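Fair warning: this is a prediction, and the values are worked out from it, not measured in the lab.
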Amino acid sequence: MRPLSELSPGEARGLRGVLFDLDDTLLSHGRLTLPAYEALWSLHDAGLLLVAVTGRPSGWGEVLARQWPVAGFVTENGAVAFRREGRGVARLDACPDDARRARRIRLARLVEDVRGRVPEARLTDDVDLRRSDVTWDVGERVALPEDRVAAVVRAIEEAGARWSRSSVHLHATFDPDDKASGALRYCARELGLEAGAATTTLAFVGDSGNDAACFAAFRTTFGVANVRASLGRLTVPPRYVAPRAMGEGFADVARAILERRVTA
Ligand SMILES: [Mg+2]
């Protein structure tokens, strides 16, 4: 990883937008701080397209895509997205309704299986807002011991589901997407940017293991300083690292991009 100060004016000027993770990237321990929100608006006011790419529920995306200065929200690690439409939003789910219903029934069975095998594993408090996945709390409100996390992972794998892990949640899904495939589908269908254009003209900012696919897919990638704790889970680290952590690190990234675009 290179320090953020090495971002060149040419690379900053070539950007059309910024994709960003929420937890421990834009949000600091779950809170949206004033510097982070101002940074978001400053990127928007400079004409950059903004798209959140998060493991958080589709219910969050449906609300926040209406309120924040973003073009869209990709939620549930790529499975379900929202675009602004007038004063409302449109939901974009690549899975047809009948297949979605069948997957939700299988997820409900998995939840019951885990309840029997790892009774101390708690579902997250945002699970009812989810459409394509279920999530257990591994570090948000409780710290689940690693051997118990491994037991939940075993149950997920035995059910034939996929799992991924953020700094706070363990996800199980029968959907094929990851953050990068979901983000690239959104960029192609909603922004008219095919993969080659999207990965070279959109930056990505993230912090943890479930950002791995985006760090690998996009050319201009930034980690907030706390990404260092997750480097063991990243096959490709972010290209640049911010001096500060979480929301303050996001503000560092925004300032670096905007200053170089002005002075270039
Ligand atoms: Mg994160």
Side-chain angles (χ1 to χ4, degrees), residues 15-23 25-27 32 36-37 39-41 43-107 124 126-135 162 164 166 169 171-199 201-206 210-211 213-214 217-218 250:
L15 295 175
R16 298 167 69 166
V18 178
L19 313 186
F20 59 96
D21 167 56
L22 289 189
D23 280 285
T25 297
L26 181 75
L27 305 179
L32 179 59
Y37 199 44
L40 208 55
W41 274 102
L43 290 165
H44 168 269
D45 290 347
L48 288 156
L49 287 167
L50 297 172
V51 180
V53 185
T54 179
R56 287 288 182 175
S58 50
W60 283 38
E62 187 169 344
V63 173
L64 298 179
R66 296 168 195 262
Q67 299 177 347
W68 288 10
V70 294
F73 241 82
V74 178
T75 64
E76 299 181 10
N77 286 319
V80 183
F82 295 85
R83 66 155 185 272
R84 291 187 71 95
E85 200 169 79
R87 295 177 67 177
V89 293
R91 186 175 64 212
L92 311 157
D93 186 342
C95 181
D97 285 347
D98 52 348
R100 177 61 71 212
R101 270 195 299 278
R103 288 179 193 176
R104 288 173 66 90
I105 290 168
R106 294 175 72 193
L107 286 172
T124 61
D126 64 7
V127 76
D128 291 339
L129 298 173
R130 295 181 176 277
R131 187 172 169 83
S132 71
D133 64 356
V134 292
T135 42
R162 296 169 56 247
S164 62
S166 73
H169 294 171
H171 301 249
T173 182
F174 290 100
D175 277 44
D177 282 305
D178 58 30
K179 280 189 172 186
S181 67
L184 291 174
R185 185 169 61 237
Y186 181 89
C187 292
R189 293 187 184 174
E190 305 303 322
L191 306 179
L193 292 173
E194 292 306 325
T199 55
T201 64
L202 302 175
F204 177 80
V205 195
N210 68 340
D211 297 320
C214 285
F218 290 86
F250 182 85

side-chain contact (heavy atoms from CB on, under 4.5 Å) involving D98 - partner list, sequence neighbours excluded: P96, R101

Begin from the C-alpha positions of N210 and N77 and carry the test side-chain hydrogen bond (donor to acceptor under 3.5 Å, both in side chains) through to its verdict. CA-CA 8 Å; N210 68 340; N77 286 319; 3.2 Å; yes

Can you name the side-chain hydrogen bond (donor to acceptor under 3.5 Å, both in side chains) partners of T54, sequence neighbours left out? none

Hey, are the side chains of V70 and F82 touching, using non-hydrogen atoms and a 4.5 Å cut-off? no

Would you find a donor on one side and an acceptor on the other, under 3.5 Å apart, between the side chain of S58 and the backbone of L129? yes

Any side-chain heavy atom of F73 sitting closer than 4.5 Å to one from L22? yes

Run the salt-bridge test on R189 and D93 with the 4.0 Å N-O cut-off and return the result as yes or no. no

Return yes when atom CG of D128 has more than 12 non-hydrogen atoms of other residues, nucleotides or ligands closer than 6.0 Å, and no otherwise. no

Could you list the residues that satisfy salt bridge (charged side-chain N to carboxylate O under 4.0 Å, His left out) with E85, not counting sequence neighbours? R83

Can you list, pair by pair, the side-chain donor-acceptor contacts under 3.5 Å of residues 175-187, counting residues two or more places apart and other chains?
unit_1	atom_1	unit_2	atom_2	d
D175	OD1	R100	NH1	2.8
D175	OD1	R103	NH1	2.8
D175	OD2	R100	NH1	3.4
D175	OD2	R100	NH2	2.9
D177	OD1	S181	OG	2.7
D177	OD1	R185	NH1	3.0
D177	OD2	R185	NH1	3.1
D177	OD2	R185	NH2	3.0
D178	OD1	A180	N	3.0
D178	OD1	S181	N	2.8
D178	OD1	S181	OG	3.4
K179	NZ	D21	OD1	2.9
K179	NZ	V53	O	3.2
K179	NZ	D211	OD1	2.7
S181	OG	D178	N	3.0
S181	OG	D178	O	3.2
R185	NH2	G78	O	3.1
Y186	OH	A71	O	2.9

Listed partners of T124 passing side-chain contact (heavy atoms from CB on, under 4.5 Å), at least two apart: D126, V127, R130, T135, D137, H169

Picking from R104, H171, E76, what satisfies side-chain contact (heavy atoms from CB on, under 4.5 Å) with S132? E76

Only distances under 3.5 Å count here; give the side-chain donor-acceptor pairs of residues 60-68 to other protein atoms, sequence neighbours excluded, each with its distance to 0.1 Å.
unit_1	atom_1	unit_2	atom_2	d
R66	NE	E62	O	3.1

